[in-house]
Trainee: 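Here it is, the structure in full.
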Amino acid sequence: MIEIDNLHVRFNSDKGEVHAVRGVSINVAQGEFYTLLGPSGCGKTTTLRCLAGLESPSEGRIAVGDTVVHDSAKGISVPTFKRDLAMVFQSYAIWPHLTVFENVAFPLREMKQKVAEAEVERRVKGALELVQLSGYESRPAPFLSGGQQQRLALARAIVREASVVLFDEPLSNLDAKLRAETRLELRNLVKRLGMTALYVTHDQTEALTMADRVAIMREGVIAQEATPTEIYKRPVSRFVASFIGQCNFAEGKITQPATASGNGLIETEWGNLAYSTQGRDAKEEVSVAVRPENVRLADATTPADTPRITGKVADIVFLGECLECKVSLGQSDLITRLHPSSAVAVGDAVDVVVMADDVALLAV
Amino acid sequence: MNNSASVSATDMDGKRPHNLRNIAAKFFPWAVLLLVFALVAAPIFSLVVGAFSQSRLPNEFSLDNMGLGNFHAVWVEQRIDLVLWNTAVYVIGATVFGISTAAVLAWLVERSDMPGKMWIYAGVPLGIAVPGILHAISWVLLLSPRSGFVNRGWMHMTGAEGPLFDIYTMTGLIFAEGLRLVPVAFLMLVPLMRSMDPSLEEAAAVSGASPMRTTRRVTLALLLPGVLAISIFQAITALENFEIPGILGMPVNLHVFSTRVFNLIENIGAIPAFGQANAAAVFYLAIALVVSFFYLRLVRHSERYTIITGKGYTPRAVRLGAWRYPAIGAAALFLFVSIVLPFLVLLYVSLVGYLRQPSIEAFQTFSFKHYATVFNQPRVGRVMWNTISLTLMSATTVTALSFVIAYIVVRTRFKARYTLDVMSFMPHSIPGIVLGLALFWLLVQFDSLTGASTFGSLGSLVVGFTILFLAYAVRAMSVAMIQVHPDLEDAAKLCGAPPWRVAIRIFAPLLMPTLVGIWIYVAMLSVRFISLPLILSQGGNNEVLGVMIWSLWNNGNINSVGAIGIMLMSAMFALALTLRILGFGKTTGGTSV
């Protein structure tokens, strides 16, 4: 549904030329919820704005559905208002001089074929109902709360029934509680209406909970593109691993490669680790990443072939849903997340284990 | 809300004399309120009472001789209804012309890719430096029907019988006043255009609206309320202006309110009709108040249209294409006509031997003798001294008083702070001529009661200017103070700084550009403004430069006017440049809206 091919964007700024997007290629299927995640300045919003036609790419090709909307090589550039898409802005961009109803009706009134007034009314009402803003029709738009403005922006985006909806950090101006509620509502709505969504955010929770597929961007390139589970469990780089959640990192050397029949072993600064990812050779230098919640206390159920790491509890932080312990291993530390009921105290000697499946080998 | 909000201006320093300090802190705001009330109400009261007085002269005023005769006379004999009509045409014409010119310039500078934007951006506000009276005089020198340089040249070249353009007409008035409105309107429009969130327009494009439709339904619709408010603000300026209609309209009996009121008391060859002048001034003031009321209403409800989200935007420039060079050409032409041309005309007049059409022979008579003449006049030293003292005193008084008022309104919980705010805005709607007349009555009564000689003193002008410019200064000051977040002061307090150190190290440096900016702007206004001094000036004690130019011009002493004008304009340009360097024009531009 969305095809972005080798997109490059260069700006002229005060500090000289900025190469904001450096060869991004994205393919979003019909009905998919695709998220671009990254720190500020990584080029994610620029990519989105190129798709909307609000920014002009220096190089590359963009297609929405069957229409090529931009092709630098062929000199094609369809102006924004002729593209079949809708967008929710970070600032919401609610027109302050129009009422709630007129804000939503705006895209309908701008359609090529004139929409009958009764039809406009029906569709606006429908859209407002979907976002639970019924009854606010005649209110001047600035007299809405932040959350309501956000939903109004959403209603305006869906009323047009465009095949693609773009979201530019739409939840970043809401407070934490409202943001959590809105996340799922928004995803469900998009799914229910069968729209294809491209969603830009810097919030990892949003990306993990909402997206079908996530692309993590850094310095104008996509660092990794995968499903949220895959990204979380198998990050390909230190950047991806630490951008999404917390992680322990170590350098190591493979002493025994993993095969189809059994786990391999890596010698790291923490001690030996079992791992299961195949395709690495013996003696290969590797970086490993282990999530804190996957570092467990060894107990009776721990398989015998999983190497134990002995250390000393150096620090405990109570986080409510878990205990975060720093286990000192002499040269290095391991952060672990334990169930709050775990009986550990600072100074205890503990054995911790990491299951072979929980060890991620980083590509870089 | 927090501690600093309850601290008033007086307890900025020290903690010792506890009781005294508390009492002072409690009564100080009331004293300020009373002062502002007195400054506004006393002159207006005497003006209105004077309008009912049927004695011939103000000092013959008696309660036994009161009546409605003046109003009747003004309406029936003086045909004030015609003046009303003229004023309406003049104000509306000048506002529409001025605002549209300023809007085009602001749009080119803010939203287009016109080359040389920075020059226009820096140049337009310099127009503030050209005093209205000199503007008007230079137009007369160029476009007076028989002797204007342009008209003479035109008739000479084409053999035409009549002039190309007669400046002594309503069109001339509108043209000259419209041009004069541009700099301030421009300074107000630029932030308005800059503050618009470009995503509002992008949202329209994403919703399928073509660029034309986006401009109409979003851009213009959003700008409209702001532009309307600025237009009314400028209309008030045009309404109270005296210099332009005084030079261009009065000689041919083309009267607007300001000149009519003046004409009733200063008409050569006629007996001054003080009571009637007051009656006309009451009409005049009423109109100004109504317009100001609409302005305040409009501004108060402007939150509905708040499009300022506090972010700095850099909207993409609209590509002008082939129109880029015509655009910069037109903008440069504006700068030439409104700033360079008046300067050149006066420069020519000040240097040429005797007044004649510019030519090679005329250039050969160039000398500095008119400058010498000016300096050889004994009154000049006195006038210069008066002007400088008046400027320094007015600017300082206004800056200090507006600081105190703004502090009370913004930073304290003084009960009547809203009243104080509104009251300090009131004088904005009092035209200079009206205030001059009102003070004239007040001072004459005061002097005849007490035997003092306040009338004809320099102090009377300082009081007058303080009243006239207070509204502007308080608004600019309040806005600047609001922007200094109280947390900044609280943070300094928590770092252990005593209140007076907070004031010196935090508050003062943050507000300094505003204080200096207001000071310079009021100083410039004090030099430019001649309507009030014209009425209150009585001989050497308080004659100022503007008044001297006025009388020299009316006596036909044109070369001296040129010489004084050039010196005055040079000083004003220096002040205006300082103001620009402080970046003050940028911040206050939007605040008065």
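Remember, predicted model here, so these are calculated numbers, not experimental data. In what follows, chains carry the letters A, B, and so on, assigned in the order in which the sequence lines appear, proteins first and then strands, with residues in each chain numbered from 1.
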Trainee: When you look at A:W95 and B:R217, which way does the side-chain contact (heavy atoms from CB on, under 4.5 Å) test go after all the steps?
Mentor: CA-CA 10 Å; A:W95 297 300; B:R217 287 202 58 193; over 6 Å; no
Trainee: Within the side chain of A:R160, is there an N or O that forms a donor-acceptor pair under 3.5 Å with the backbone of B:V206?
Mentor: yes
Trainee: By a 4.5 Å heavy-atom criterion (distance strictly below it), what part of A:I94 contacts chain B: side chain, backbone, both, or neither?
Mentor: backbone
Trainee: Should the heavy atoms of other residues, nucleotides or ligands under 6.0 Å from CG of A:D175 be counted, would the total exceed 12?
Mentor: yes
Trainee: B:P211 and A:F81: which non-hydrogen atoms are nearest, and at how many Å?
Mentor: CD-CE2, 3.2 Å
Trainee: Is the closest side-chain heavy-atom distance between B:S199 and A:L54 below 4.5 Å?
Mentor: no
Trainee: Should we say atom CZ of B:F294 is surrounded by more than 12 heavy atoms from elsewhere, each under 6.0 Å from it?
Mentor: no
Trainee: Counting distance only, does the side-chain N/O of A:H97 pair as donor-acceptor with the main-chain N or O of B:L223 below 3.5 Å?
Mentor: no
Trainee: How long is the span from the OG atom in B:S210 to the CD atom in A:E110, to the nearest 0.5 Å?
Mentor: 6.5 Å
Trainee: Has B:F425 got more than 12 heavy atoms of other residues, nucleotides or ligands less than 6.0 Å from its CZ?
Mentor: yes
Trainee: Working note: A:R49 + B:E202, criterion side-chain contact (heavy atoms from CB on, under 4.5 Å); need CA distance, chi angles, decisive distance, verdict.
Mentor: CA-CA 10 Å; A:R49 289 172 61 86; B:E202 290 171 0; 2.7 Å; yes
